[in-house]
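Read through the structure below, which is laid out as structure tokens, and then see the notes.
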There are 2 protein chains.
Amino acid sequence: MADVRDIPDATVSRLPVYRRSLVQIISTGESTISSADLADLAGVNAAKVRKDLSYLGTYGVRGVGYDAELLLAQIDGVLGLGTEAPVVIVGMGNLGQALAHYGGFQSKGFPIVALVDSSMDKVGQVIDGIVVSHLDDLEHTVREREISVGIIATPGGAAQEVSNALVAAGVRSILTFAPTILQVPDSVPVRKVDLATELQILGYYRHREVTETTDSTDRTA
Amino acid sequence: MADVRDIPDATVSRLPVYRRSLVQIISTGESTISSADLADLAGVNAAKVRKDLSYLGTYGVRGVGYDAELLLAQIDGVLGLGTEAPVVIVGMGNLGQALAHYGGFQSKGFPIVALVDSSMDKVGQVIDGIVVSHLDDLEHTVREREISVGIIATPGGAAQEVSNALVAAGVRSILTFAPTILQVPDSVPVRKVDLATELQILGYYRHREVTETTDSTDRTA
DNA sequence: ATGCCTTTGTGCATGCGTTCACAAGAGGTA
DNA sequence: TACCTCTTGTGAACGCATGCACAAAGGCAT
Ligand SMILES: NC(=O)c1ccc[n+]([C@@H]2O[C@H](COP(=O)([O-])OP(=O)(O)OC[C@H]3O[C@@H](n4cnc5c(N)ncnc54)[C@H](O)[C@@H]3O)[C@@H](O)[C@H]2O)c1
Ligand SMILES: NC(=O)c1ccc[n+]([C@@H]2O[C@H](COP(=O)([O-])OP(=O)(O)OC[C@H]3O[C@@H](n4cnc5c(N)ncnc54)[C@H](O)[C@@H]3O)[C@@H](O)[C@H]2O)c1
């Protein structure tokens, strides 16, 4: 059985997708699922599913498939979803407030337990039942509530400063929406969601479709 | 010079990052930039920068670096940022409203020109100066405003239906926030932003840090 | 018990992406 | 002109990810 450390990044990023498919399957009353069916639901290749799952250890039954509940538990174990991971959101503007109001995190094991801003307009406000506290109190808040995830929803210019504060406060991982390259210790994993970048990437493929048709190499469709 | 079609996906997804670094550089008054400096700003390897840029054609000057303005124009050309790409947002809940209020898209060449919902509570409301229209009128709206990008911010259950409507209406690319595998024609590029998945992926790396220290293989730090 | 059918687990080949390392090019200087 | 310094552009090696294809294995029916 593979050590939890040895799972390739590409596989890790697909586990949540498998997880969601499994939850769906279980809700329909099915108790086992084949790699082919799981692949359909997850939108990937069946061989890839099997290879990915093989990194978790061997839990499939040949001729039958995978036990859905068991597999779900296994994935949850690898992703550390057994225990809740309390979240702080820093930056209570448009995006921060939308995230705070969203109930989906709570139910997925990521309760939002603190909201932070640096503007006196925001500090003290109650959003979704939580009082917005000041960035200066971050360390206290994080330690008291045992917060392990920090979400950065401030303008780009403040992101590095906020990131430093989060790391210093003891947060163990960061999700950022600011379009900024963050400098953090290797021990703190960071994931970046950059909406403007996503739109620009789409632009390339959209644009390409157009230029292709005016090209010398036509496609038969 | 490389055809616009031949740019690898990995490179395309970095172009917006280079673009942002270039805008920053230009704003400081610099007119040229070396691959090493650009790499620092973008958070990648210098050789990768050079190889990426080589797909756009050859625009660097040996011994000097790249002309920042020229390179920016070149990237914009590849990403199709020369012309505006009007956007429609479908789903005016927490997230949809936050996106609608955000000014950053407008200024980056992605004006939000239409807002859509299916709930009578939302239709008719004015959000950020735009009247929310009904999903049934989508086709008309898209054709009239020549909308090329659709953003899906509905619950997962409605996403495929909305996606079908967007494609039928003639939208040319889609950005979705719904945690659902969308079935769309190959000709319509889709990018998915899945926040719950991001948090779960972070969970793996966070979790791993912990299990590592209780392992036989200790690290000297 | 036997044999058939289904599905897993994985070896292997292929392709893509990353990075190194260096020759070649450009400009400046004496 | 000759030389020196800086930086690009890219060949080549490496490593990771993907997907095929098939043997091994489990279950079920007869
Ligand atoms: N809202 C969107 O739809 C959207 C879309 C794309 C990208 N983004 C990115 O997300 C981030 C947030 O966007 P937004 O629209 O919510 O911005 P916003 O301006 O509405 O809100 C930013 C908030 O951060 C607070 N803030 C500023 N500096 C701070 C600091 N040092 N510490 C703590 N709080 C601080 C401000 O007081 C404000 O409340 C930005 O980086 C933006 O580029 C947002
Ligand atoms: N808000 C967040 O912070 C957040 C975080 C993670 C994921 N998401 C995802 O983003 C999506 C939107 O989240 P939200 O919090 O804004 O949800 P929400 O429930 O607040 O809003 C959904 C909106 O979509 C509308 N809608 C429903 N069916 C529709 C249809 N067929 N056509 C048009 N409109 C329709 C509803 O009327 C509602 O206004 C969801 O898929 C959610 O999983 C949101």
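First the proteins, then the strands, lettered A, B, ... as listed; each starts at 1.
- Rounding to whole angstrom units, CG of residue L53(B) and P of dT7(D) are separated by 15 Å.
- In the helix from dA1(C)-dT30(D) to dA30(C)-dT1(D), the end axes, each obtained as the rotation axis mapping the C1' atoms of four pairs onto the next four within a five-pair block, lie 0° apart to the nearest 10 degrees.
- In this structure, OH of Y59(A) is placed 18 Å from C1' of dT10(C), rounded to the nearest angstrom.
- With I147(A) as the partner, the side-chain contact (heavy atoms from CB on, under 4.5 Å) test is satisfied by one option alone out of L138(A), L166(A), V88(A), I112(A): V88(A).
- Rounded to a whole Å, the CG atom of L71(B) is 16 Å from the P atom of dT7(D).
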How would nucleotides 16-26 of chain C be written as a contact map, 5' to 3', with B for base contact, S for sugar-phosphate-only contact and - for no contact, using protein heavy atoms under 4.0 Å?
-SSBBB--BBS

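- Side chain of E84(A) to backbone of P111(A): no donor-acceptor contact under 3.5 angstrom is found.
- Minimum interatomic distance between R145(B) and V113(B) (heavy atoms only, all atoms of both residues): NH1-O, 3.6 Å.
- Between dG9(D) and S54(B), no contact under 4.0 Å exists linking OP1 or OP2 to a side-chain N or O.
- Smallest separation of non-hydrogen atoms from F177(B) and L99(B): CE1-CD1, 3.7 Å.
- Shown here for Q160(A) and L182(A), the closest heavy-atom pair between the two residues is OE1-CA, 3.5 Å.
- Residue D6(A) contributes atom CG, which lies 12 Å from atom P of dA17(D) at whole-angstrom precision.
- In this structure, the side chain of R143(A) engages the main chain of A169(A) through a donor-acceptor pair within 3.5 Å.
- Rounded to a whole Å, the CG atom of L38(A) is 13 Å from the C1' atom of dT7(C).
- V162(B) places none of its side-chain heavy atoms less than 4.5 Å from the side chain of T176(B).
- Checked by atom type and distance alone, the side chain of E198(B) never pairs as donor or acceptor with a backbone atom of V193(A) at under 3.5 Å.
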